[in-house]
Amino acid sequence: MNIRFPDGSSHVFEDGMTALDIAQTISPRLAKATLAARIDGKRQDAFAPIHGDHDLQLLTFADEDGRWAFRHTAAHMLAQAVKRIHPEAKLAIGPAIENGFYYDFDTPETFTPEDLDAIEKEMAKIAEEDNKLERFELPRDEAIAYVKELGEDYKVELIEDLPEDAVISFYRQGDFVDLCAGPHVQSTAKVKNVKLMNVAGAYWRGSEKNKMLQRIYGTAFEKRNELDEYVARIEEAKKRDHNKLGRELELFTTVDIIGQGLPILLPKGARVIQLLQRFVEDEEQRRGYQLTKTPFMAKRDLYKISGHWDHYRDGMFIMGDPDDEEAEVFALRPMTCPFQFMAYLNRSRSYRDLPLRYNETSTLFRNESSGEMHGLIRVRQFTISEGHLAVAPDQVEEEFKGCLDLAKFMITTLGFEDDVSYRFSKWDENNTEKYIGSKESWEKTQDMMRTILNDLGVVYTEADGEAAFYGPKLDIQIRNVHGKEDTLITIQIDFQLAERFGMTYTDRDGEKKYPIVIHRTSIGCYERTLALLIEKYAGALPTWIAPVQVKLLAMTDRTHEHTIHLQRLLEQAGFRVESDLRNEKIGFKIREAQVQKIPYMLIIGDKEAESGAVAVRSRKGGDLGTMPFDEFIAKLRAEVDARSHD
RNA sequence: GCCAAUGUAGCUCAGUUGGUAGAGCAGCGCAUUCGUAAUGCGCAGGUCUGGGGUUCGAGUCCCCACAUUGGCUCCA
């Protein structure tokens with residue numbers, strides 16, 4: 001048989017050789033590293049015999065698909081270990097995921113940390129046993145009978161849901177067999193470095209209507225040191241957790257009796273958000289936005305028009321009995337759109353008014369489920385850099401581009417440009433009752449958005465079922481220290497709400513037309529942005545948004561007066577400054593300012609009081625030596641004006 | 001909401017089989033006036049998240065509530 005490799009070269013091998021055999025002919029080292037194969041573009045077992053002419057790529061741990069096979073085998077070993085220790089456990093699904101794998105089990109008792117230790121040990125034993133993986137296929141009826149006999153009810157359901165003509169394959173490793181499409185590595189002996197991370201609840205098939213299963217998360221690496229490094233990296237990342245750092249640095253706190261998802265922004269956190277907000281509002285003004293300030297609540301009648309009453313009611317805080325049609329029922333706003341639409345409706349509009357750009361620093365209230373709350377990232381009251389644009393059809397692309405440019409400007413300024421990804425969030429055409437509008441209008445809008453994204457060269461992934469109820473979105477996503485992805489910024493195109501609200505403009509031809517509405521944020525939610533800034537910079541916020549930029553450290557009582565004098569001068573120059581006049585050693589004061597991650601410390605001793613110069617220390621560079629006070633101010637101003645974030 | 005873990009001084013954490021609550025840091029006082037990441041001594045600080053129960057006795061055991069944290073999106 002003729003085998004062609006990715007580099008274009010071709011070689012003839014004996015028919016029936018496996019990818020591993022072929023790797024062996026190239027080098028034993030390569031054979032050892034080979035975990036799976038890609039044959040004519042499809043992932044396959046490296047231990048399966050190959051017949052005929054094919055393209056072949058050998059997959060190692062360096063390849064995503066190689067890692068996938070490796071960790072998927074680890075998942076099977078996890079299931080094998082669990083079945084040995086807890087034979088009553090029923091198996092659900094167990095895929096490889098980014099950075100690891102999991103397996104879902106239905107067990108009468110939940111797993112404890114001790115159980116995990118025992119299971120991990122059993123997995124090590126299974127690796128020792130060097131069980132060879134073996135694939136076999138069964139016809140549908142036999143497959144169902146087989147898993148029924150094993151008592152695996154969930155597997156029965158999985159097979160029944162497979163298409164009639166699907167190939168139903170199983171993998172055997174020693175005393176364990178699992179329904180699986182593969183591929184796998186050739187032996188459990190390959191998977192020696194495993195760590196089970198945690199147990200979590202997870203609904204069968206991800207639906208809360210179904211039973212909650214026990215999910216065990218784990219990870220596996222080819223080499224011991226890679227596993228150790230990964231675990232250390234996770235520990236390291238947790239040190240940047242905004243939930244910990246943000247509280248330590250006194251940026252925010254929470255209080256039981258106020259309630260879940262309702263953080264208190266302490267003076268330093270409030271300062272950072274104020275600085276961001278001023279920056280955003282000024283930039284938006286520069287870009288032709290008009291600021292509105294609209295009410296935090298409205299009668300339910302408004303939400304009935306917008307569709308929130310029918311499609312977002314669970315997410316709203318409602319005051320009064322929502323079912324009492326006679327009563328005046330108010331609800332806190334979960335979004336700003338209907339309010340800014342009322343501003344648009346204030347007078348009749350002409351095509352000359354378009355594009356009309358409204359912005360608002362808008363506080364919103366959403367009744368998130370209790371388990372969804374997370375630090376400052378997911379809260380029940382938050383403030384966003386909201387905005388709505390009413391545009392004519394021929395302005396959509398240009399205005400969308402403007403929104404995207406603004407978003408990118410914000411992302412770059414904050415230093416997030418390497419951390420974000422773009423997601424084109426579409427509706428779920430199998431679940432249309434979640435949305436307003438017709439299939440045609442959704443498809444039209446989504447096609448338009450896709451065209452714009454492609455025209456602008458945006459690199460994005462598509463996601464079904466992630467749209468807003470009124471239209472598709474471009475979501476700019478970012479990950480927190482736990483690797484969990486959240487939306488930072490969003491830009492949405494809406495063909496529907498203008499009509500619902502009777503928002504029109506008179507076009508050149510005298511006809512009344514509905515504008516297209518773009519919903520967008522420029523920096524997103526301030527609380528979330530603060531959280532991600534804390535994690536990005538490990539609390540050492542860039543100087544231009546640092547709540548305290550300079551700390552003056554008086555050496556002795558003799559220099560108090562001079563220290564206060566310098567503080568006044570810096571404050572008058574517009575900087576945020578604190579002085580430490582306590583009767584403590586200078587090393588102690590430095591340590592404290594350093595722990596608080598204050599960008600600059602000025603040490604004011606007798607020498608400085610005498611000369612008028614200042615001894616400068618930076619949180620990053622340590623002792624920078626002595627410089628004239630004016631030079632320090634110039635340096636600081638340059639850094640702030642540049643909004644640098646190195 | 002669901003599955004779990006956690007909740008002791010402002011913070012970080014000890015607290016034995018159920019026997020009357022402890023440390024470090026922070027705070028306050030005194031001494032020290034010091035040159036680039038922790039000066040020393042002393043003082044004060046607690047409804048052990050809240051409520052109920054078991055018990056002669058509960059921080060500890062049980063139940064409920066609240067809050068914090070991880071997961072519930074990755075589909076054989």
Side-chain angles (χ1 to χ4, degrees), chain A residues 68 72 75-76 91-104 110-113 143 147 152 154-159 161-162 166-171 178-182 197-217 238 241 243-244 247-248 250 253-262 314 367-375 463 465-466 482-486 553-560 582-595 601-608 615-619 622-626:
Chain A
W68 194 94
H72 194 46
H76 276 214
L91 305 178
I93 55 166
I97 53 175
E98 189 183 356
N99 296 324
F101 61 90
Y102 69 78
Y103 213 110
D104 286 349
T110 56
F111 294 119
T112 63
V147 292
E152 300 293 358
Y154 295 96
K155 300 289 178 186
V156 174
E157 197 179 322
L158 290 170
I159 298 174
D161 282 0
L162 288 174
V167 173
I168 298 166
S169 59
F170 293 83
Y171 279 78
D178 197 4
L179 171 73
C180 183
M197 311 299 283
N198 54 327
V199 190
Y203 296 107
W204 167 237
R205 303 198 136 180
S207 167
E208 60 183 356
K209 295 188 187 80
N210 293 336
K211 184 163 185 186
M212 171 132 315
L213 309 174
Q214 298 287 311
R215 175 172 297 178
I216 298 180
Y217 281 98
K238 281 185 187 155
D241 190 340
N243 231 328
K244 185 169 146 41
R247 290 167 200 268
E248 280 170 10
E250 297 194 318
T253 187
T254 51
V255 179
D256 289 12
I257 54 168
I258 290 181
Q260 243 194 325
L262 298 167
D314 288 348
N367 193 3
E368 303 283 357
S369 320
S370 61
E372 306 284 1
M373 254 71 75
H374 171 68
E466 296 288 347
H482 300 288
K484 191 156 177 153
E485 195 177 275
D486 275 296
L553 311 180
M555 189 76 78
T556 69
D557 293 351
R558 294 189 299 279
T559 57
H560 281 191
R582 293 176 305 171
N583 178 10
E584 296 289 352
K585 289 188 167 179
I586 200 68
F588 178 80
K589 293 185 181 187
I590 286 170
R591 181 188 149 76
E592 212 159 80
Q594 196 79 42
V595 167
M601 290 150 257
L602 299 184
I603 288 95
I604 313 299
D606 291 331
K607 278 187 269 176
E608 289 74 24
V616 182
R617 188 187 160 94
S618 91
R619 66 183 169 195
D623 191 352
L624 301 183
T626 301

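Reckoned from all heavy atoms, side chains included, excluding hydrogens, waters and symmetry mates. Reminder, nothing fancy here: chain letters follow the sequence lines and each chain counts from 1.
Salt bridge absent: A:R591 and A:E584 never bring a charged side-chain N and a carboxylate O closer than 4.0 Å. The pair A:D623-A:R617 fails the salt-bridge criterion, with no side-chain N (NZ, NE, NH1 or NH2) lying under 4.0 Å from an Asp/Glu carboxylate O.
Among the nucleotides B:A76, B:A38, B:U36, the one closest to the side chain of A:L158 is B:A76. Of the candidate nucleotides B:A37, B:C3, B:C34, B:A37 has the atom nearest to the side chain of A:V595. With distances taken from any side-chain atom of A:P95 to the nucleotides B:C75, B:C72, B:A37, the minimum falls on B:C75. Here B:C72 is the nucleotide among B:C72, B:C3, B:U36 with the atom lying nearest to any side-chain atom of A:E372. Distances were taken from every side-chain heavy atom of A:I590 (C-beta onward) to each of B:G35, B:C72, B:A37; the shortest belongs to B:A37. Candidate nucleotides B:C34, B:A76, B:U36 were compared by shortest atom distance to the side chain of A:K585, and B:C34 ranks first. For A:T556, the side-chain atoms get nearest to B:U33 when compared with the rest of B:U33, B:G35, B:A76. Here the side chain of A:H374 is nearest to one of B:G70, B:G1, B:G35, namely B:G70. The side chain of A:Q594 has B:A37 as its nearest neighbour among B:A37, B:C72, B:C34. Comparing B:A76, B:C72, B:U68 by their nearest atom to the side chain of A:T254 picks out B:U68.
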- Query: Hey, mind stepping through A:D104 and A:Y203 against side-chain hydrogen bond (donor to acceptor under 3.5 Å, both in side chains) and telling me if it holds?
  - Reply: CA-CA 9 Å; A:D104 286 349; A:Y203 296 107; over 6 Å; no
- Item | Intermediate values then yes/no, side chain to side chain contact (heavy atoms under 4.5 Å, CB included), A:Y102 and A:I93 | CA-CA 8 Å; A:Y102 69 78; A:I93 55 166; 3.8 Å; yes
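With A:K244 contributing its side chain and A:K238 its backbone, the two residues share no donor-acceptor pair below 3.5 Å. A:T559 places a side-chain N or O within donor-acceptor distance of the main-chain N or O of A:I604, the cut-off being under 3.5 Å.
Heavy atoms of A:I603 sit under 4.0 angstrom from at least one base atom. Nucleic acid contact for A:S169: base, since at least one base atom lies under 4.0 Å from a heavy atom of the residue. Within 4.0 Å of A:L553, counting heavy atoms only, lies no atom of the nucleic acid at all. The residue A:L162 sits close to a base: some heavy atom pair falls under 4.0 Å. Nucleic acid contact for A:F588: sugar-phosphate only, since backbone atoms but no base atoms lie under 4.0 Å from a heavy atom of the residue. The residue A:G587 sits close only to the backbone: its heavy atoms come under 4.0 Å of sugar-phosphate atoms, none of a base. Backbone-only engagement by A:R215 is indicated by non-hydrogen atom pairs under 4.0 Å involving sugar-phosphate atoms exclusively. Among the heavy atoms of the strands lying under 4.0 Å from A:G375 are primed sugar atoms or P, OP1, OP2 only; no base atom is included. Using a 4.0 Å heavy-atom distance criterion, A:E584 is classed as a base contact.
Considering only side-chain N and O atoms, A:R582 lies under 4.0 angstrom from the phosphate OP1 or OP2 of B:G27. Note on A:Q260: every side-chain N or O is 4.0 Å or more away from OP1 and OP2 of B:C66. Between B:C72 and A:K484, a contact under 4.0 Å exists linking OP1 or OP2 to a side-chain N or O. Between A:N243 and B:U69 there is a side-chain N or O to OP1 or OP2 distance below 4.0 Å. Regarding contacts with the backbone of B:C3, every side-chain N or O of A:T110 stays at 4.0 angstrom or more from both OP1 and OP2. Remark: A:R247 is not in phosphate contact with B:U12, judged by side-chain N or O atoms under 4.0 Å from OP1 or OP2. Phosphate proximity of B:C72 to A:Y217: present, with a side-chain N or O under 4.0 Å from OP1 or OP2.
The base of B:G35 is paired with the side chain of A:E608 by a donor and an acceptor separated by under 3.5 Å. A donor-acceptor contact under 3.5 Å is not formed by the side chain of A:Y102 with the base of B:G71.
In RNA chain B, runs of at least 3 stacked Watson-Crick or G-U pairs (N1-N3 plus N6-O4 or O6-N4, or N1-O2 plus O6-N3, all under 3.5 Å) give these stems: B:1-7 with B:66-72, B:10-13 with B:22-25, B:27-31 with B:39-43, B:49-53 with B:61-65.
Comparing B:U60 with B:U17, their C1' atoms sit 11 Å apart, to the nearest whole Å. Rounded to whole Å, the separation between the P atoms of B:C3 and B:U8 comes to 24 Å. Between B:G50 and B:A9, the distance separating the two P atoms is 10 Å to the nearest Å. Rounded to the nearest Å, the gap between the P atom of B:U54 and that of B:G59 is 16 Å. Between B:A4 and B:G40, the distance separating the two P atoms is 48 Å to the nearest Å. Separation of the P atoms belonging to B:C11 and B:U68 is 14 Å when rounded to the nearest angstrom. Rounded to a whole angstrom, the distance from the C1' atom of B:A38 to that of B:U12 is 16 Å. Look at the C1' atom in both B:G24 and B:C62: the space between them is 34 Å, to the nearest Å.
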Measure all distances between protein nitrogen or oxygen atoms and nitrogen or oxygen atoms of nucleotides 45-52 of chain B, and list the pairs falling under 3.5 Å.
none

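In summary, the side chains of A:Y217 and A:N99 do not present any donor paired with an acceptor at a separation below 3.5 Å, with no hydrogens or angles considered.
A:N210 pairs by the side chain to side chain contact (heavy atoms under 4.5 Å, CB included) definition with A:W204, A:R205, A:S207, not counting sequence neighbours.
Side-chain atoms of A:L162 and A:I168, non-hydrogen and from C-beta on, do get closer than 4.5 Å to each other.
Surrounding CD of A:E372 are more than 12 heavy atoms belonging to other residues, nucleotides or ligands, all under 6.0 Å away. The environment of A:D161 atom CG is dense: over 12 non-hydrogen atoms of other residues, nucleotides or ligands sit within 6.0 angstrom.
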